[in-house]
Amino acid sequence: MYVLYTEIPWEFLPQKLGVGSGMTCWRRLHLALLAELHAAGMLDWSRAVIDSSHVRALERRPETVPGQARSTT
C-alpha cells in the first residue's frame, strides 16, 4: 500500500519498513497474488507468455581465427 500511495518505484521502498528490499517485496507480493488467483481458479495458464528478455542467455565464445593464439585469461 505504501508504494501505491506514495507512487515511488519499488526499488526505493524504505528499508525501515522491515519488508526487505523493494524488489524482494514486489516478488513476494506478486507470488502471493498469483497463488491466490490460482487457488480461486481465476488464472488461465494456457494463455501464459514468456518474455524472452528475462531468460538468461548462455555465453557463446567466438570461433578462433586460424593462426590466432587462444586467450589465456
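On a predicted model such as this, the values are computed, not experimentally measured, just so you know. Numbering starts at 1 and runs along the sequence shown.
- Here the straight-line distance linking atom CG of D44 with atom NE2 of H38 works out to 11.5 Å at 0.5 Å rounding.
- Counting heavy atoms from C-beta outward, V3 and C25 have side chains that stay 4.5 Å or more apart.
- Residues satisfying the side-chain contact (heavy atoms from CB on, under 4.5 Å) criterion with L31, sequence neighbours excluded, are absent altogether.
- Cluster annotation: W26 is not connected to L34 through the hydrophobic network of ILVMFWY side chains, with a link wherever side-chain heavy atoms come within less than 4.5 Å.
- Put simply, CG on L13 and OG1 on T6 are 8.0 Å apart, with the number rounded to the nearest 0.5 Å.
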Donor-acceptor pairs under 3.5 angstrom involving side-chain atoms of residues 16-24: please list them, not counting sequence neighbours.
from	atom 1	to	atom 2	distance (Å)
S21	OG	T24	N	3.1
S21	OG	T24	OG1	2.8

